[in-house]
2 protein chains.
Amino acid sequence: MALSRDTVVETATRILREYGLGDLTMRRLARELGVQPGALYWHVASKQDLLVAVTEALMDTLPVHDDAVGLGDWLASTLLPVPDAADVVRVALAWRPEVVSALAAFEELAGAAGVGAGVAARQAWARGALDLVLGAVADHQEGARAAAARETEPPAVEHALERVREAMERWARA
Amino acid sequence: MALSRDTVVETATRILREYGLGDLTMRRLARELGVQPGALYWHVASKQDLLVAVTEALMDTLPVHDDAVGLGDWLASTLLPVPDAADVVRVALAWRPEVVSALAAFEELAGAAGVGAGVAARQAWARGALDLVLGAVADHQEGARAAAARETEPPAVEHALERVREAMERWARA
DNA sequence: ACCTGAACACCGTTCAAGT
DNA sequence: ACCTGAACACCGTTCAAGT
């Protein structure tokens, strides 16, 4: 059966989940799909395009939230099990921020968080909320990597989630 | 005259300032220094080691600040003119966070910002402050890149600085 | 001690040619 | 329409050998 964009993106997402960004190469992806590397470029424009699509896939189950704490918690829970998730989302953020649906979701919560001085202020607040979540996720995953290297106890996911919760509370105070 | 670690790091920092991370390759750096790529590995252990050293160089003029707004403003002003500075600092943060002197500086201001519940809370607050600054810097530089591609007006540095100021005020409220 | 020369094991991307 | 084969132009890193 023929390749499709969806298959390419799904397989890429699976490689990311299992092995991280270092193993998500076009060549490795092609091998996994049983095609030549060049074949991928019929379905995606570039590796960047692929990473944007992967980000979309990671966020496509985003439910509606009515406060920043809930949204931050969902986002962190979603990204924490995915190695290098923060880096991938940052690529999408740099290239096509509109696909990062969590950003738009934060933007809609800006009013409830006591931000009211125009669109620019709400966008800045939303981006700040996202930066706090991505930073906490990256920090936790770096800690996990370091612990694995030293063969010590890895940090608990609950600590990362608790930190995100506190950050969202602080950031969203009226 | 012979190469030295300092020369290597200084030249790397200059390439970063002038051309960005995409042009900061070991081969390009070697060419600029008039040596073979392999020669660099006598002075730095790896490219990661080099980027950590570049981060150190970017931060080595950090003055003492007595509030988060002042520190955030200094950090943003220092990083904004350096293309991809946020990415470079994030590499250092992942690998050797202790060289990111701004992080320790934020940590010392945690008390004044109304954070008092133990070391972990102060560290989390400091990392959050850094994430907000790095995120704003990255966002501004992405905007500049996008504007250059479309040949439109680039975003004003003052807006980025103003946004950092507001973020620090919000983050440091008691 | 410090560097060269040359290799190893990779990358992302393009594109004529096939089916 | 979709993929292969093969190349192009790169990477970071290692290491025997030279000086």
Side-chain angles (χ1 to χ4, degrees), chain A residues 1-16 18-57 83-84 87-92 94-96 142 145 149, chain B residues 1-16 18-57 83-84 87-92 94-96 142 145 149:
Chain A
M1 124 218 121
L3 218 54
S4 74
R5 187 177 221 265
D6 282 352
T7 319
V8 171
V9 174
E10 276 164 26
T11 307
T13 307
R14 213 202 64 232
I15 293 175
L16 180 69
E18 289 180 21
Y19 306 99
L21 199 49
D23 282 319
L24 180 45
T25 68
M26 299 304 272
R27 298 175 117 92
R28 164 79 180 269
L29 178 55
R31 188 159 22 97
E32 210 103 334
L33 288 163
V35 295
Q36 295 295 317
L40 300 175
Y41 290 85
W42 185 263
H43 303 279
V44 297
S46 63
K47 187 169 183 182
Q48 262 177 6
D49 179 37
L50 176 66
L51 292 180
V52 167
V54 167
T55 300
E56 246 176 323
D84 308 310
D87 299 294
V88 176
V89 173
R90 278 171 187 147
V91 169
W95 220 246
R96 293 214 12 232
E142 285 147 18
R145 187 197 28 69
Chain B
M1 120 215 126
L3 218 54
S4 73
R5 188 178 221 265
D6 282 354
T7 319
V8 171
V9 174
E10 277 165 25
T11 306
T13 307
R14 212 202 64 233
I15 293 174
L16 180 69
E18 289 180 21
Y19 306 99
L21 199 49
D23 282 319
L24 180 45
T25 68
M26 298 305 271
R27 298 175 116 93
R28 164 80 181 270
L29 178 55
R31 187 158 24 95
E32 209 105 334
L33 288 163
V35 296
Q36 295 295 318
L40 299 175
Y41 290 84
W42 186 262
H43 302 280
V44 298
S46 64
K47 187 170 184 183
Q48 262 179 5
D49 179 38
L50 175 67
L51 292 180
V52 168
V54 167
T55 300
E56 244 175 325
D84 308 310
D87 298 296
V88 176
V89 173
R90 278 171 188 148
V91 170
W95 220 246
R96 293 219 8 235
E142 285 148 18
R145 187 197 27 70

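Naming convention: chains lettered A, B, ... in sequence-line order (proteins, then strands); numbering from 1 in each chain.
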request  = For the pair R28(B) (side chain) and I15(B) (backbone), establish whether a donor and an acceptor sit closer than 3.5 Å, ignoring hydrogens and angles.
outcome  = no
ask   = With side chains defined as the heavy atoms from C-beta onward, is the minimum distance between R5(B) and V8(B) less than 4.5 Å?
value = no
Rounded distance (nearest 0.5 Å) linking atom CE of M26(B) with atom CG of L50(B) = 5.5 Å
Whole-Å distance separating the CG atom of L3(B) from the C1' atom of dT4(C) = 13 Å
ask   = Which atom names give the shortest non-hydrogen contact between R145(A) and A94(B), and what distance separates them?
value = NH2-O, 2.8 Å
message = In whole Å, measure the gap between the P atoms of dC10(C) and dA9(D) for me.
response = 22 Å
query = Any side-chain heavy atom of V88(A) within less than 4.5 Å of one from L24(A)?
reply = no
query = Can you check whether H43(A) has a side-chain N or O nearer than 4.0 Å to OP1 or OP2 of dC3(D)?
reply = yes
inquiry  = What stems show up for DNA chain C when you take Watson-Crick pairs (N1-N3 plus N6-O4 or O6-N4) and G-U wobbles (N1-O2, O6-N3), both under 3.5 Å, and require three or more consecutive pairs?
reply    = C:4-8 with D:12-16, C:12-16 with D:4-8
Within-4.5 Å side-chain heavy-atom neighbours: L51(A) and L21(A) = yes
key: Shortest non-hydrogen contact from G22(B) toward D84(B)   = N-OD2, 4.4 Å
ask   = Partners of Q48(A) by side-chain hydrogen bond (donor to acceptor under 3.5 Å, both in side chains), sequence neighbours excluded?
value = W95(A)
key: Contact under 4.0 Å: Q36(B) side-chain N or O vs dG5(C) OP1/OP2   = yes
ask   = Which letters describe nucleotides 8-19 of chain D, given B = protein heavy atom under 4.0 Å from base, S = only from sugar-phosphate, - = neither?
value = ---BBBBB----
message = Taking 4.0 Å as the cut-off, does a side-chain nitrogen or oxygen of W42(B) come that near to OP1 or OP2 on dC3(C)?
response = no
